[in-house]
Amino acid sequence: MNCVALAGGVGGAKFADGLARAIGAESLTVIVNTGDDFELYGLHISPDLDTVMYTLAGIANPDTGWGIAGDTWRNFEMLERYGVAPWFRLGDCDLATHLLRSEMLADGQPLSAVTRELCRRLGVAPRVTPMSDDRVRTVVETEVGLLPFQEYFVKHHWQPAVQAILFEGSEEAEPAPGMLRALETADTIVICPSNPYLSIDPILSLRGVRDVLLNATAPIIAVTPIIAGEAVKGPAAKLMRELGKEPSAVEVARHYADFVNGFVLDERDVALADQIKAMGIGVFVADTLMKSVDDRAHLACDVVSFADRLRPEKLGGCRLNRADGSSR
Ligand code: GDP
């Protein structure tokens with residue numbers, strides 16, 4: 001099996017981890033948003049890549065979803081002693097990642113190679129790739145002016161109302177090496193339950209990506225990040241309201257309607273299934289809330305089986321032995 005997942009940070013990372021457990025790490029490629037990347041204290045920080053990497057390495061902080069479990073904050077306290085009031089917190093262990101990544105980038109290695117190397121050293125088995133080696137920066141047009149993504153998200157706690165979202169540099173940026181080919185040759189493509197506008201759209205904005213998805217032979221499945229009209233975490237629903245859209249899974253399905261074959265709807269939203277089917281999209285209903293590692297794997301297993309039902313030749317794929325004895 002050869003599955004490619006498009007992912008942002010927390011929602012994407014949890015689902016990618018489920019996929020790795022369900023189908024085997026060697027069968028999975030995760031393409032990660034880098035529109036959130038930024039520079040701080042001279043370091044290159046890739047928040048979504050880090051979240052995916054730490055989650056797949058089993059070292060992510062389970063309470064926040066980002067950062068490293070058990071991390072300490074001595075460097076942060078020292079910065080405060082210097083009179084700096086950092087609005088972006090970097091844990092001591094987390095800092096090591098940014099130091100190494102920044103050094104390798106300064107040595108001239110592309111971000112995709114740096115990511116491969118960091119993953120290798122952390123024992124992350126799935127292929128994890130940034131969406132591009134080139135600089136793309138998400139900028140949010142808000143009621144208080146244009147804000148670089150991290151200022152909007154972290155400094156302003158995503159409170160200013162959003163008017164538009166821009167991906168600076170995406171027109172010139174090349175998709176990461178091998179990324180379009182990975183999508184062309186995948187037998188399953190999954191859009192993770194990530195923020196459609198802030199995490200997935202930057203990937204879709206890159207040259208060639210939409211065309212590859214429109215022409216893909218593999219089933220393309222999107223998993224809803226919206227449950228009962230709300231985001232599980234973060235600004236997705238608030239953002240939808242501000243952009244004049246109804247915050248619902250139907251709107252997410254519509255956002256992807258050009259290229260998805262299947263949509264995974266949460267069981268709390270089962271009443272919306274017909275609206276999505278009316279767009280010509282197959283619907284699978286599941287409990288999509290991933291509270292535990294088992295939830296991730298079971299959801300991923302169901303998604304892979306759903307994809308299998310949407311193609312003429314069955315691949316099987318999910319290796320999980322479910323506690324309930326079913327082999328999906
Ligand atoms: P970010 O870059 O860290 O914001 O990460 P993502 O864009 O990957 O994830 C944020 C999105 O994931 C939000 O819209 C959440 O609603 C969604 N999300 C997070 N956890 C879950 C979950 O357990 N189930 C579902 N269905 N969505 C989730």
Side-chain angles (χ1 to χ4, degrees), residues 5-19 30-38 45-56 60-67 88 94 128 130-131 136-138 140 149-150 152-154 157-158 162 165 167 190-204 221-243 245 247-249 251-253 255-256 263-270 272 283-300 302-303 306:
L6 271 49
V10 176
K14 285 195 287 182
F15 189 72
D17 182 54
L19 279 171
V30 192
I31 297 172
V32 183
N33 169 42
T34 54
D36 298 6
D37 286 20
F38 70 119
I45 301 176
S46 299
D48 285 357
L49 274 175
D50 290 341
T51 298
V52 169
M53 209 164 66
Y54 296 158
T55 303
L56 292 174
N61 181 333
D63 302 323
T64 53
W66 53 269
F88 195 93
D94 191 22
V128 177
M131 65 184 197
V136 178
R137 291 291 181 269
T138 300
V140 187
F149 177 79
Q150 293 300 341
Y152 159 75
F153 198 76
V154 180
H157 308 287
W158 44 271
V162 172
I165 302 165
F167 308 118
V190 184
I191 315 286
C192 290
S194 289
N195 187 312
Y197 312 95
L198 292 170
S199 295
I200 302 297
D201 276 359
I203 307 177
L204 301 179
I221 312 287
V223 183
T224 186
I226 299 287
I227 300 179
E230 291 300 332
V232 177
K233 198 167 191 285
K238 176 175 178 285
L239 200 62
M240 290 173 89
R241 283 188 284 271
E242 291 162 0
L243 295 174
K245 300 171 195 291
S248 90
E251 205 52 54
V252 176
H255 191 69
Y256 297 138
F263 190 83
V264 180
L265 183 65
D266 191 85
E267 60 190 16
R268 297 151 191 89
D269 287 322
V270 64
L272 304 178
V283 173
F284 179 76
V285 178
D287 180 359
T288 69
L289 193 59
M290 296 173 281
K291 287 183 288 219
S292 68
V293 167
D294 279 350
D295 292 347
R296 300 171 185 175
H298 289 159
L299 179 62
D302 286 344
V303 171
F306 175 43

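Start at 1 and go down the list; that is how both ligands and their atoms are numbered. Numbers here are sequence positions counted from 1.
At a 3.5 angstrom cut-off on N or O pairs, Val10 counts as close to ligand 1. Polar contact check, Gly11 against ligand 1: a nitrogen or oxygen pair lies under 3.5 Å apart. At under 3.5 Å, not a single nitrogen or oxygen of Ala13, backbone or side chain, sits near a nitrogen or oxygen of ligand 1. Taking any N or O of Met290, backbone or side chain, at least one lies under 3.5 Å from an N or O belonging to ligand 1. Among the atoms of Ile226, none of the N or O lies under 3.5 angstrom from an N or O of ligand 1. Checked by distance only, ligand 1 and Gly9 come closer than 3.5 Å through their nitrogen or oxygen atoms. The N/O atoms of Ala231, backbone and side chain alike, include none that comes under 3.5 Å of an N/O atom in ligand 1. Polar contact check, Val223 against ligand 1: no nitrogen or oxygen pair lies under 3.5 Å apart.
Under 3.5 Å, the side chains of Asp201 and His255 contain a donor-acceptor pair of N or O atoms. Looking at Asp295 and Ser292, their side chains do bring a donor and an acceptor atom within 3.5 Å of each other.
By the side-chain contact (heavy atoms from CB on, under 4.5 Å) test, Val270 pairs with Val285, sequence neighbours left out. For Ala222, the side-chain contact (heavy atoms from CB on, under 4.5 Å) partners two or more places apart in sequence, or in a different chain, are Ile191, Tyr256, Val260, Phe263.
For ligand 1 and Lys233, the ligand atoms under 4.0 Å from any heavy atom of the residue are 13 (C), 14 (O), 15 (C), 16 (O).
Ligand 1 has at least one atom lying under 4.0 Å from a heavy atom of Leu289.
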